[in-house]
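Inspection log for the structure reproduced underneath, given as structure tokens.
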Amino acid sequence: MWNYTEKVMDHFLHPRNVGEIENPDAVGEVGNITCGDALKLFLKVDDERQTIVDVRFQTFGCASAIASASALTELIKGKPIAEAEDITNQNIADFLGELPEEKMHCSVMGMEALQAALANLRGEGDGKVTAGDHDDDHYDPQGLDRVVCYCFSVTERKIREVVKANDLHTVEDVTHYCKAAGGCGGCRDEIADIIAAVRGEADAGTAADGQSEAGSPKPMTNLQKIMKIQVAIDAEIAPALKADGGDLELVDVDGNTVSVRLKGACAGCPSAHITLQRWVQAKLQELVSPDITVVEG
Amino acid sequence: MTKDVVYVDNNATTRVAPEVLEAMLPFFSDLYGNPSSIHTFGGQIRNQIEAARSKVAALLGAFPDEIIFTSCGTESDNAAILSALDTNVKRRKVVTTRVEHPAVLGLCKVLQKRGYHVEFVPVNNKGQLCLQALCGMVDEQTAVVSVMWANNETGNIQPIHEVAQIAHQNGALFHTDAVQAVGKVPINLRQSEIDLLSLSGHKLHAPKGVGALYVRRRTPFNQFMIGGHQEYGLRAGTENVPSIVGLGRAAELALAHFDEERGRVARMRDHLEHELLSRCRNARVNGNPPSRLPNTTNISFEYIEGESILLRLNEHGIAASSGSACTSGSLEPSHVLRAMGVPYTAAHGSIRFSLSRYNTMEEMDYIVEKLPPIVEWLREMSPFGRDK
């Protein structure tokens, strides 16, 4: 059973602002029944188009989806549009006290529906958020609107957004926030690469702003990553272990998880686990990628 | 103390029968000896374990020496399938179904990674196994065919006797996960071709943490838990004496209450199902009513989501379960409903009610009173399925 806060349960059992608005000034719609949750938001604004005077929602989803939608309406009702534009999924989660990690996508859905409604209010689009389905004149030079997760129709753009906005590190985080890789899992490696790329860009941005845009590091392919890991082990890690009568071999690389096996004096050594976790991982993070975790395979 | 909850989630777990608890208690206090000990104080416990074994054997129509006590249904499943592979190393194929319990499916996925060939037999939209497909998959490379007797989500009963024959025609062993079936369907293993059968204590009013594996006489068996000589040398580890005694008593009770399970429990289930279907629009039964466990119904309320239904029911003290994605922490609805091709509009809103002999008709009426308004309330809120 989920550990929902009292506030989540309150907003689930007594949701605020449920329903439709006749002749709304804007609608925002996100999700579909296949995905397991959906939200339709109706906005009414004042004559100057400055303030949200009324908001209603319809939702299909679990308790946290209903509570997130209800919370969102409370956050924006009577507020200036300019303020509503800054609402993030974290605001929704904070309003509710806390959402389980696995349910963060419900708060993201709220934010997306709001953004779609506000875009609709500005006259951009029909208020519907649909993945990989854009007008021909849609300008997308980097191909960010390509679908990465086919099970839940999640685009690279959306994955990049949730990683950036919520400072996510792992594929599991991404799944919790936008469902990508929550189905067959076939896109896990690709998402790991996107996370690495986003984080690489963020680091490059803070470290060396002299770099041109084209200079932002491209995500490593899996093969490149495996080769780099092998080189790091052969050149740096194994020699150091051999000095103590030990050795280590690479067993498997799965996304950013590297399985290794300790051999020689290291195998069975009580401090082997700590050796692996602290030292080998730090070495590989330094030499290959900061996202690597090491497990004993 | 259990009366403030209307518990209709008996396929998840059952309450320990008071008689079972009573039988177990002495083995937590005075009778704490180790059945392997040479002294009388410990040795006398051995007789209690053997008595429990006979009771479980009686429930299954088996010989006592065909029963091995384990720690749970999952251990029984793992032990059975791994043993079948270990004792016939030339055959590297497992045939199972797409609707098995994770205890089997999870193991099969690991076996695939270890290089075994695993085939998953599809089911039709009622959840019934496609025997024709199964025939095409079982061959002389197959070490074991594993098909559940009854499905935990829909209650569907599979044609396991036919499957056992097909397995044997190809020289493969047949295992069935009968965790949900034991005590609810007639089982007479002496008259069957089943080689290996798993059961779990806590699904039939014994405690959690005990199960059993039936291994037919002369069926080759390799132990899963390795160590001491317990359980005829087939399952090492000091016996979980209180729970084994409890399982024995529960088996005895299951046999005594068998007709009630098939009669009164089935009538309550039918009443609940009929009333809910007649009071809620866009509701449908998942599964195959003519061939189901007597205690289970799985109903989809279309256009609404299962977790929301369950948590609203929870507010009324009603404990049921759902095949929706959200309840499991996974993002996909139940693999069983997906294998059956239940549309997503319905799979997300599926609710399973699983009864036991401790339920009453008044409780069914209470659910019938509470659930339809919840369905209506959520439908009102849903952007889908509007008649307009």
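Numbered from 1 within each chain, the chains take letters A, B, ... in sequence-line order.
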Relative to chain B, which segment of [X] carries a heavy atom at a distance below 4.5 Å: side chain, backbone, both, or neither?
X        : answer
A:Cys106 : neither
A:Ser64  : backbone
A:Ile66  : side chain

Does atom [atom1] of [X] have more than 12 heavy-atom neighbours from other groups under 6.0 Å away?
X        : atom1 : value
A:Glu22  : CD    : no
B:Glu376 : CD    : yes
B:Lys208 : NZ    : yes

Search all heavy atoms of [X] against all heavy atoms of [Y] and return the closest pair with its distance.
X        : Y        : answer
B:Pro383 : A:Phe60  : CD-N, 3.6 Å
B:Met381 : A:Pro15  : CE-CG, 3.7 Å
A:Cys62  : B:Glu305 : CA-OE1, 3.0 Å

Next on the checklist: Please determine whether side-chain contact (heavy atoms from CB on, under 4.5 Å) holds for the pair A:Phe12 and B:Arg312, giving the CA-CA distance in whole Å, both sets of side-chain angles, and the decisive distance to 0.1 Å.
Outcome noted: CA-CA 9 Å; A:Phe12 161 60; B:Arg312 297 289 307 197; 3.6 Å; yes

Item to check | Side-chain (B:Ser308) to main-chain (A:Gly61) donor-acceptor, under 3.5 angstrom | outcome: yes

